[in-house]
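Below you'll find the structure, written out as structure tokens, and then a few comments.
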Amino acid sequence: MESEIKTRVTPFSEPPISVPRGQDCVVVIYAPSSNQLGKRFSLLDGTVMIGRGSENDVVLHSDSVSRRHARIEARGDAYHLVDIGSTNGTYVNDELVQERRLGRGDQIKIGDTILKFLSGADLEAQYHETIYRMTIMDGLTGIHNKRYFVEQLDRELSRATRHRRPLTLVMCDIDHFKIINDELGHLAGDYVLKEVAQLAKSRLRPDDVIARYGGEELAVILPETDVAGGKLIAEELRQMIATASFVFEGGDIDVTVSCGVAQLDPGWRSYDFVKAADEMLYEAKRAGRNRVHPR
């Protein structure tokens with residue numbers, strides 16, 4: 001039976017504002033190379049060229065970026081992003097655009113790099129907030145990163161041990177993700193990863209923690225939850241994703257996940273906990289994928 005669930009996540013975008021020229025910039029918040037993260041590019045000169053070629057103002061070293069990909073140009077007191085015939089297109093807040101007036105906080109996706117447009121009198125505060133979020137959030141998926149996950153797992157493990165309360169960990173992996181990347185391209189893979197992460201996040205409770213653990217693997221910390229409850233939540237996540245409609249550039253993509261579930265045992269360290277859930281994840285994959293395997 002075809003599901004009515006449609007996955008589409010649109011980040012909040014503030015309306016365009018007028019500010020004195022020179023206070024605006026774009027910041028790299030997600031990139032295949034970590035040495036580009038946090039780089040700030042000023043829009044002081046009015047027109048900024050973006051592409052793979054060394055002649056651009058913003059050089060993005062990636063095969064998915066065209067040599068001359070896009071430009072940001074000043075028009076009056078506003079900035080407009082213009083695609084200049086790129087191969088893979090230019091996106092603003094996940095929407096493919098030919099031209100778009102930028103609003104503060106807009107996210108620009110060019111190939112496998114995401115830049116954030118910062119504008120306004122509180123530019124420095126915005127920049128520092130953006131950099132702080134990069135330390136705890138994954139720029140592509142919009143969920144927490146591995147660093148934050150590790151810190152939270154240690155905290156929850158200590159609390160569960162001290163108060164003798166159950167704690168469950170779920171590790172999920174997108175099935176056949178390499179095939180999606182190889183056959184449909186990395187932009188389709190990025191789309192699937194983000195949509196799966198946001199769909200999973202929408203099901204979880206306020207105290208639960210979801211993070212991108214690495215590649216296409218997601219981790220979910222479930223406080224005050226035993227293995228039976230963790231299995232139930234993981235199964236709901238699996239079903240939601242398996243029945244959702246993933247549409248990228250007009251094409252449907254079949255997406256499923258496999259999940260491993262483990263409850264904290266006395267004496268376990270974080271490493272033991274993750275290892276146990278990962279082992280269950282591999283059991284789910286060995287059993288045929290698109291299933292949940294509890295410990």
Side-chain angles (χ1 to χ4, degrees), residues 9-52 55-62 64-66 68-84 86 88-145 147-148 187 190-191 194 197-198 212:
V9 179
T10 303
F12 171 76
S13 176
E14 297 187 37
I17 60 175
S18 298
V19 296
R21 188 73 47 77
Q23 294 183 359
D24 311 283
C25 66
V26 290
V27 179
V28 178
I29 63 171
Y30 182 81
S33 174
S34 60
N35 62 10
Q36 285 193 305
L37 291 175
K39 279 192 175 180
R40 174 162 57 173
F41 298 93
S42 172
L43 304 180
L44 177 63
D45 293 335
T47 299
V48 172
M49 303 298 297
I50 307 171
R52 191 177 74 251
E55 70 277 10
N56 292 281
D57 303 297
V58 179
V59 180
L60 305 177
H61 300 288
S62 173
S64 61
V65 178
S66 297
R68 287 167 51 85
H69 197 110
R71 68 175 179 267
I72 299 174
E73 59 184 48
R75 300 180 189 172
D77 290 329
Y79 287 92
H80 290 249
L81 176 69
V82 181
D83 183 90
I84 49 178
S86 68
N88 291 317
T90 300
Y91 295 77
V92 176
N93 299 333
D94 292 327
E95 181 182 346
L96 182 65
V97 300
Q98 179 59 43
E99 182 178 321
R100 173 67 60 86
R101 179 176 177 174
L102 294 174
R104 184 168 66 180
D106 277 350
Q107 293 190 11
I108 303 164
K109 192 169 193 294
I110 293 180
D112 45 12
T113 299
I114 301 175
L115 306 102
K116 187 172 184 178
F117 173 61
L118 304 183
S119 176
D122 59 344
L123 180 78
E124 285 302 314
Q126 293 178 59
Y127 177 71
H128 290 298
E129 172 64 18
T130 299
I131 297 301
Y132 168 71
R133 285 182 59 82
M134 285 172 52
T135 67
I136 63 171
M137 305 295 290
D138 178 64
L140 175 64
T141 60
I143 60 175
H144 291 293
N145 58 21
R147 173 182 173 178
Y148 182 86
L187 294 181
D190 287 351
Y191 161 79
K194 180 173 183 177
Q198 289 296 319
R212 183 181 180 186

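For R68, there are no salt bridge (charged side-chain N to carboxylate O under 4.0 Å, His left out) partners at least two apart in sequence or on another chain. For N145, there are no side chain to side chain donor-acceptor pair (under 3.5 Å) partners at least two apart in sequence or on another chain. Listed by chain and residue number, nothing satisfies the salt bridge (charged side-chain N to carboxylate O under 4.0 Å, His left out) test with D57 (two or more places apart in sequence, or in another chain). Every residue meeting the side chain to side chain donor-acceptor pair (under 3.5 Å) condition with S33, not counting sequence neighbours, appears here in chain and number order: N35. Remark: Q98 pairs with D83 by the side-chain contact (heavy atoms from CB on, under 4.5 Å) rule, at least two apart or across chains. Residues passing the salt bridge (charged side-chain N to carboxylate O under 4.0 Å, His left out) test with R52, sequence neighbours excluded: none. Applying the salt bridge (charged side-chain N to carboxylate O under 4.0 Å, His left out) rule to K116 yields no partners; only residues at least two apart in sequence or on another chain are considered. With sequence neighbours excluded, no residue forms a side chain to side chain donor-acceptor pair (under 3.5 Å) with Q36. For I114, the side-chain contact (heavy atoms from CB on, under 4.5 Å) partners two or more places apart in sequence, or in a different chain, are I29, Y30, Q107, K109, L140. T135 pairs by the side-chain contact (heavy atoms from CB on, under 4.5 Å) definition with Y132, R147, not counting sequence neighbours. Every side-chain contact (heavy atoms from CB on, under 4.5 Å) that S66 has, sequence neighbours left out, goes to H69, S86, T87.
In terms of heavy atoms, A197 sits closest to T141 at CB-CB, 3.8 Å. Across all their heavy atoms, T90 and A70 have their closest contact at OG1-CB, 3.9 Å.
Counting only heavy atoms from C-beta outward, the side chains of N56 and I50 never approach each other to under 4.5 Å. With contacts defined as side-chain heavy-atom distances shorter than 4.5 Å, the pair T47/D45 does not qualify. With contacts defined as side-chain heavy-atom distances shorter than 4.5 Å, the pair V26/I72 qualifies. Y127 is listed as a side-chain neighbour of V27, based on a closest heavy-atom distance under 4.5 Å. A heavy-atom distance below 4.5 Å is found between the side chains of K194 and D94. Side-chain contact between Y79 and L43 is present, with heavy atoms from C-beta onward closer than 4.5 Å. Looking only at side-chain heavy atoms (C-beta outward), V28 and T113 come within less than 4.5 Å of each other. Side-chain contact between R101 and R75: absent, with no pair of heavy atoms (C-beta onward) separated by less than 4.5 Å.
With values rounded to the nearest 0.5 angstrom, S34 atom OG is found 9.5 Å from M134 atom CE. Rounding to the nearest 0.5 angstrom, the gap separating the NE2 atom in H144 from the CZ atom in R212 is 15.0 Å. In this structure, the separation between CZ on F41 and CZ on F117 is 15.0 Å, given to the nearest 0.5 Å. Summarising the geometry, atom CG belonging to N88 is positioned 10.0 Å from atom CG belonging to L96; distances are rounded to the nearest 0.5 Å. Atom-to-atom distance recorded for D112:CG and S64:OG is 3.5 Å, nearest 0.5 angstrom.
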Evaluate the side-chain contact (heavy atoms from CB on, under 4.5 Å) criterion for residues D24 and R104: first the C-alpha distance (whole Å), next the side-chain angles of each, then the deciding distance (0.1 Å), finally the verdict.
-> CA-CA 9 Å; D24 311 283; R104 184 168 66 180; over 6 Å; no

Kindly determine whether H80 and R71 satisfy side-chain contact (heavy atoms from CB on, under 4.5 Å), including the steps that lead there.
-> CA-CA 8 Å; H80 290 249; R71 68 175 179 267; over 6 Å; no

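Paired with L81 under the rule side-chain contact (heavy atoms from CB on, under 4.5 Å), one option of L115, D106, V48, I108 passes, and it is I108.
Under 4.0 Å is where a charged nitrogen must lie from a carboxylate oxygen, and between E73 and R100 no such pair does.
The salt bridge (charged side-chain N to carboxylate O under 4.0 Å, His left out) pairs that include a residue from residues 124-134 are R40-E124, where partners are two or more places apart or lie in different chains.
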